[in-house]
Number of protein chains: 2
Amino acid sequence: MRKESSTNTLNRNKIHLNCGMAYTLDLIGGRWKPNILWALLDGKLRYSELKKVIPDVSERILVLQLRELEKDGLITRLVYAEVPPRVEYELTNDGQSMKPMLECISDWGDKHRPEKTK
Amino acid sequence: MRKESSTNTLNRNKIHLNCGMAYTLDLIGGRWKPNILWALLDGKLRYSELKKVIPDVSERILVLQLRELEKDGLITRLVYAEVPPRVEYELTNDGQSMKPMLECISDWGDKHRPEKTK
DNA sequence: CTCATTACTTACATTTTAGTCAGTACTTAA
DNA sequence: TTAAGTACTGACTAAAATGTAAGTAATGAG
């Protein structure tokens with residue numbers, strides 16, 4: 001939960017007003033958001049498939065991160081009226097438009113992080 | 001302070017191993033780091049100049065963020081043996097190499113954040 | 001009637017990040 | 001001797017992010 005009036009939150013919001021970079025980083029900066037976005041770049045995935053692709057995330061956190069990405073307009077959540085349930089997550093156009101940027105960020109990391117698994 | 005063995009930290013480190021994107025985002029993701037990096041893209045600045053450019057940050061936090069950027073090899077801290085003290089912060093080559101990426105992130109944000117101050 | 005399947009939710013605990021406020025060290029200038 | 005300037009540091013508090021463990025709902029298959 002977010003106190004609307006904490007200095008922390010006020011600072012965040014103020015920074016967003018004149019720093020597009022900070023705004024973007026806030027959208028993609030959650031612990032598992034890079035993994036989620038990366039996985040969805042190849043096409044939509046069901047909730048269970050996301051879990052398989054990102055095995056270390058707990059369900060609670062996965063759901064939280066998905067909800068935030070949805071709220072921020074980067075992914076859509078499509079629920080099929082079936083039993084057992086089926087829910088598909090997919091990048092929106094805005095989400096897709098991040099692709100070159102995400103690749104750029106990824107490349108920088110691959111080039112500069114300290115050795116191993118490069 | 002960071003507990004080296006919390007699930008949180010273990011997850012962070014594990015993710016870094018196969019996700020350059022997450023690694024990069026961790027380096028530049030602090031509350032004031034985008035501002036600091038952005039300011040330093042135009043050349044080196046003294047501590048007091050950084051404070052002027054980023055008026056809302058508290059001194060303690062500013063120092064913390066600078067220390068982290070230094071530890072991660074993105075900036076250098078140059079101390080002159082003078083009184084009153086003079087300390088200059090400057091991007092390293094690695095820091096400079098982020099420029100195109102940072103501009104890309106910034107541009108995406110400027111284009112996609114909800115109206116105003118665009 | 002019981003079980004399996006899927007996509008969650010809830011209550012709680014822990015860890016990490018950010019912020020506040022006061023104080024320090026050193027030297028020169030008045 | 002006192003004050004000014006610069007770049008901090010330390011003790012403390014608050015807020016946000018992340019993680020754990022258990023439980024839920026709907027329905028079709030056996």
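A quick note: this is a predicted structure, and the numbers were derived from the prediction, not measured. Just so it is clear: chains get the letters A, B, ... in the order the sequence lines come, proteins before strands, and each one is counted from 1.
- At the phosphate of dA18(C), neither OP1 nor OP2 sits under 4.0 Å from any side-chain N or O atom of Ser6(A).
- Rounded to whole Å, atom P of dA18(C) lies 13 Å from atom CG of Leu66(B).
- Atom CG of Asp107(A) is separated from atom NE2 of His112(A) by 11.0 Å, given to the nearest 0.5 angstrom.
- Contact check of residues 37-53 of chain B against DNA chain C (heavy atom, cut-off under 4.0 Å) returns no residues at all.
- Hydrophobic cluster of Tyr80(A): the remaining members, joined at side-chain heavy-atom separations below 4.5 Å, are Leu78(A), listed by chain and number.
- Arg86(B) has its CZ atom 13 Å from the P atom of dC8(D), to the nearest Å.
- In this structure, Leu25(B) places its CG atom 15 Å from P of dA17(D), rounding to the nearest Å.
- Tracing side-chain contacts under 4.5 Å through hydrophobic residues (I, L, V, M, F, W, Y), one reaches Leu41(B) starting from Leu50(B); they form part of the same cluster.
- Phosphate proximity of dT9(D) to Arg67(B): present, with a side-chain N or O under 4.0 Å from OP1 or OP2.
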Requested in this report: Give the intermediate values and the outcome of side chain to side chain contact (heavy atoms under 4.5 Å, CB included) for residues Ile28(A) and Leu102(A).
Outcome: CA-CA 9 Å; Ile28(A) 63 177; Leu102(A) 298 181; 4.2 Å; yes

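- Hydrophobic clustering, with ILVMFWY side chains joined whenever heavy atoms are under 4.5 angstrom apart, groups Val79(B) together with Leu45(B).
- At a threshold of 4.0 Å, the pair Lys33(B)-Glu68(B) counts as salt-bridged, since one of the basic side-chain nitrogens sits closer than that to a carboxylate oxygen.
- Rounded to an integer number of Å, the gap from Leu62(B) CG to dT6(D) C1' is 13 Å.
- In summary, the side chains of Tyr47(B) and Glu88(B) do not present any donor paired with an acceptor at a separation below 3.5 Å, with no hydrogens or angles considered.
- Trp32(A) and Leu17(B) fall into different hydrophobic clusters, defined by Ile, Leu, Val, Met, Phe, Trp and Tyr side-chain heavy atoms under 4.5 Å apart, directly or through other members.
- The distance between atom CG of Leu78(B) and atom C1' of dA7(D), rounded to the nearest whole Å, is 14 Å.
- Note that CH2 of Trp38(A) and CD1 of Ile105(A) are 9.5 Å apart. Values are rounded to the nearest 0.5 Å.
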Report task. Going 5' to 3' through nucleotides 18-28 of chain D, assign each nucleotide B (protein heavy atom under 4.0 Å from a base atom), S (under 4.0 Å only from sugar-phosphate atoms) or - (no protein heavy atom that close). Result -> BBB-----BB-

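- Rounded to whole Å, the distance from OH on Tyr80(B) to P on dT28(C) is 19 Å.
- We find that CZ of Arg77(A) is positioned 8 Å from C1' of dC8(C), with the value rounded to whole Å.
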